[in-house]
Student: 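The structure is given below, and queries will be raised subsequently.
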Amino acid sequence: MEADTKPKKSGARLCCTCNQRKPALKRPKTLQQICRECFYEVFEEEIHQVIVENLLFKPGERIAIGASGGKDSTVLAYVLSELNRRHNYGLDLFLLSVDEGITGYRDDSLETVKRNELQYGLPLKIVSYKDLYGWTMDEIVKMIGLKNNCTFCGVFRRQALDRGAALLKVDKVATGHNADDIAETVLLNILRGDIARLSRCTSITTGEDGPIPRCKPFKYAYEKEIVMYAYFKKLDYFSTECIYSPNAYRGFAREFIKDLERIRPRAIIDIIKSGENFRISTSTKMPEQGTCERCGYISSQKWCKACVLLEGLNRGLPKLGIGRSRGLNGDAKKDIKQGGGTKSIESKQCGSLDF
């Protein structure tokens with residue numbers, strides 16, 4: 001009889017969403033204990049709501065998914081494919097990859113993208129630095145070293161994505177930038193004093209003034225949750241970091257954001273919200289967008305940044321385009337008049353990117 005009077009032990013903790021299954025993880029974003037099935041459902045539904053509330057897509061649109069083979073773009077391709085079928089978005093989806101020419105990194109990751117093409121049934125287009133610019137990143141790094149290589153790669157990749165999107169004749173490019181990425185960018189733009197980018201880096205859709213806008217369906221998705229989703233779904237993705245980016249400036253901002261997240265998980269969303277609420281003074285002079293006189297790409301200078309960097313490489317002066325120099329574009333205009341202004345890259349004007 002004594003055994004009947006003893007207090008009963010409480011049962012095992014259950015998923016806070018369905019209250020039926022055992023939790024498989026604690027959501028980094030909300031710290032809720034949740035089962036695997038409910039996590040899939042909640043994660044996908046949050047992305048769907050972001051797409052619907054922000055009117056990211058219209059039926060019949062051709063959408064290129066920026067595919068690197070990494071976790072973000074792989075999960076984006078998988079989730080967009082699923083949501084497109086489930087909710088009848090009516091989208092034609094494509095994978096678009098950039099081959100920077102980094103041996104032992106990009107060649108391996110592109111093999112992952114090629115497998116994704118078959119796994120998800122999405123057509124794949126690959127554009128390369130070598131074809132567009134005549135240089136690979138391996139060749140650029142041999143010339144300039146590791147100090148400013150990310151500047152070249154970032155500028156060239158942004159334009160390469162637009163060139164590829166133009167070749168695919170898509171209406172929009174969807175990228176896998178997540179909440180962590182956007183919070184890092186807000187912080188970087190503050191540290192750099194880059195008012196122009198700070199005013200638009202939190203926008204979920206950018207480049208609307210150009211022919212090919214870009215959107216970020218993962219704007220509010222935490223990186224850790226994307227990793228968990230890929231892990232539990234057993235998705236095929238490439239996880240090695242770029243061999244040329246260990247000392248990238250962004251990496252220090254990333255570590256700071258991670259430290260903040262450990263103390264207060266909501267810090268990532270709070271930084272994004274702060275960025276959204278920044279207001280630029282009307283007296284602040286903003287750059288005016290035009291088109292590059294050499295290649296036709298969108299630019300606030302006479303020559304776009306890619307053409308300036310490329311000119312430096314071709315002249316054996318790789319530091320020519322590093323930093324902010326007004327005289328450089330003046331010299332560029334003089335050179336283009338003497339050289340006849342031939343356009344070596346597809347001259348169609350492309351949309352801008354704010355990362």
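It should be emphasised that the depicted structure is a prediction, and the values quoted were computed from it without experimental measurement.
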Student: At what distance, to the nearest 0.5 angstrom, does CG of Asp181 lie from NZ of Lys216?
Tutor: 10.0 Å

Student: Does the pair Phe94 and Val170 meet the rule for a side chain to side chain contact (heavy atoms under 4.5 Å, CB included), with working shown?
Tutor: CA-CA 9 Å; Phe94 302 84; Val170 297; 4.2 Å; yes

Student: Find out whether Thr74 and Phe238 are in side-chain contact, i.e. whether some heavy atom of one side chain is under 4.5 Å from a heavy atom of the other.
Tutor: no

Student: Does a side chain donor of either Arg115 or Thr112 reach within less than 3.5 Å of an acceptor in the other side chain?
Tutor: yes

Student: In Å, rounded to the nearest 0.5 Å, how long is the span from CG of Leu93 to CZ of Arg85?
Tutor: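 Between Leu93 CG and Arg85 CZ, I get 9.0 Å after rounding to 0.5 Å.
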
Student: Taking NZ, NE, NH1 and NH2 as the nitrogens, is one of them in Asp270 or Arg264 under 4.0 Å from a carboxylate oxygen of the other?
Tutor: yes

Student: I'd like to check Ser128 versus Asp131 (side-chain heavy atoms, cut-off strictly below 4.5 Å). Are they in contact?
Tutor: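 Ser128 vs Asp131: side chains touch.
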
Student: Are there over 12 heavy-atom neighbours, none belonging to Glu41, within less than 6.0 Å of that residue's CD?
Tutor: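 Atom CD in Glu41 is not packed in, count stays at 12 or less.
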
Student: Between Lys258 and Glu184, does any side-chain N to carboxylate O distance fall below 4.0 Å?
Tutor: no

Student: Between Tyr78 and Lys233, does a side chain to side chain contact (heavy atoms under 4.5 Å, CB included) hold up when you go through it step by step?
Tutor: CA-CA 10 Å; Tyr78 177 84; Lys233 283 281 188 180; 3.5 Å; yes

Student: May I ask you to test the Thr136-Glu100 pair for a side-chain heavy-atom distance under 4.5 Å?
Tutor: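 Sidechains of Glu100 and Thr136: no contact.
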
Student: Could you list the donor-acceptor pairs under 3.5 angstrom formed by side chains in residues 49-59, with sequence neighbours left out?
Tutor:
from: Gln49; atom 1: NE2; to: Glu45; atom 2: OE2; distance (Å): 2.7
from: Asn54; atom 1: ND2; to: Val50; atom 2: O; distance (Å): 2.8

Student: Taking Met137's backbone N and O only, do any of them form a donor-acceptor pair with Lys130's side chain (distance below 3.5 Å, no angle check)?
Tutor: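 Such a contact is absent between Lys130 side chain and Met137 backbone.
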
Student: Do you see a donor-acceptor pair shorter than 3.5 Å between the side chains of Glu311 and Asn314?
Tutor: no

Student: Determine whether Lys172 and Arg62 satisfy the following criterion, side chain to side chain contact (heavy atoms under 4.5 Å, CB included), listing intermediate values before the conclusion.
Tutor: CA-CA 7 Å; Lys172 195 172 289 182; Arg62 294 167 61 90; over 6 Å; no

Student: For Ala230 and Tyr237, work out which heavy atoms get closest and say how close.
Tutor: CB-CE2, 3.6 Å

Student: Verify side chain to side chain contact (heavy atoms under 4.5 Å, CB included) between Leu14 and Gln33, making sure each step is shown before the conclusion.
Tutor: CA-CA 8 Å; Leu14 297 175; Gln33 299 280 352; over 6 Å; no

Student: Does the Asp107 side chain pair with the main chain of Thr103, one donor and one acceptor, at a distance under 3.5 Å?
Tutor: no

Student: Take Lys114 and Glu111, measure what salt bridge (Lys or Arg N to Asp or Glu O under 4.0 Å) needs, and give me the verdict at the end.
Tutor: CA-CA 5 Å; Lys114 291 173 184 176; Glu111 291 303 313; 3.5 Å; yes

Student: How many angstroms lie between NZ in Lys273 and CD in Glu276, if you round to the nearest 0.5 Å?
Tutor: 4.5 Å

Student: Kindly indicate whether the side chain of Ser97, heavy atoms from C-beta on, has any atom under 4.5 Å from the side chain of Ser68.
Tutor: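 Not touching, per the 4.5 Å side-chain cut-off.
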
Student: I'd like to know if the side chain of Asp72 and the backbone of His177 have a donor-acceptor N/O pair within less than 3.5 Å.
Tutor: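 Checked: no pair found.
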
Student: Could you tell me if the side chain of Gln301 sits less than 4.5 Å from the side chain of Cys307, heavy atoms only?
Tutor: no

Student: Just verifying a value: how many Å separate Lys26 NZ and Ile34 CD1, rounded to the nearest 0.5 Å?
Tutor: 13.5 Å

Student: Classify the angle between the aromatic ring planes of Tyr229 and Tyr40 as parallel (below 30°), tilted (30 to 60°) or perpendicular (above 60°).
Tutor: perpendicular

Student: Without hydrogens or angle criteria, can the side chains of Tyr244 and Asp138 be said to hold a donor-acceptor pair below 3.5 Å?
Tutor: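 Yes, Asp138 and Tyr244 have a side-chain donor paired with an acceptor closer than 3.5 Å.
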
Student: Taking all atoms of both residues into account, what is the closest heavy-atom pair of Arg266 and Tyr222, and its distance?
Tutor: CA-OH, 3.7 Å

Student: Of the non-hydrogen atoms in Ala77 and Leu95, which two are nearest, and what is the gap between them?
Tutor: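 Result for this residue pair: CB-CD2, 3.9 Å.
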
Student: Would you say the side chain of Trp303 lies within less than 4.5 Å of the side chain of Leu310, judging by non-hydrogen atoms?
Tutor: no

Student: If you round to the nearest 0.5 Å, how far is OH of Tyr120 from CD1 of Ile65?
Tutor: 10.0 Å

Student: Are side-chain heavy atoms of Glu117 and Leu122 found at a separation under 4.5 Å?
Tutor: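 No. Closest side-chain heavy atoms not under 4.5 Å.
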
Student: Looking at Asp194 and Arg197, would you say the former's side chain and the latter's main chain have a donor-acceptor pair under 3.5 Å?
Tutor: yes

Student: Work out which heavy atom in Lys71 is nearest to a heavy atom in Val227; give both atom names and the distance.
Tutor: CD-CG2, 3.2 Å

Student: Between the main-chain N or O of Asp180 and the side-chain N or O of Asn178, is there a donor-acceptor pair closer than 3.5 Å?
Tutor: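 Side chain of Asn178 to backbone of Asp180: a pair is present.
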
Student: Should Ile272 and Val186 count as side-chain neighbours, where that means a heavy-atom distance under 4.5 Å?
Tutor: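 Ile272 does not reach Val186 side chain to side chain.
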
Student: Taking atom types as modelled, find out whether Ser81 and Asn84 have a side-chain donor-acceptor pair closer than 3.5 angstrom.
Tutor: no

Student: Would you name the heavy atoms of Tyr297 and Arg158 that are closest together and state the gap between them?
Tutor: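 Closest heavy-atom pair between Tyr297 and Arg158: OH-O, 3.9 Å.
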
Student: With sequence neighbours left out, what residues match Phe156 under ring-ring contact (aromatic ring centres under 6.0 Å, His included)?
Tutor: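 Only Tyr129, Tyr133 meet the ring-ring contact (aromatic ring centres under 6.0 Å, His included) criterion with Phe156.
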
Student: What's the shortest heavy-atom distance between Cys242 and Ile102, and which atoms?
Tutor: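 Minimum heavy-atom separation between Cys242 and Ile102: SG-CD1, 3.9 Å.
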
Student: Just how far is it from atom SG of Cys304 to atom CD of Gln159, taken to the nearest 0.5 Å?
Tutor: 4.5 Å

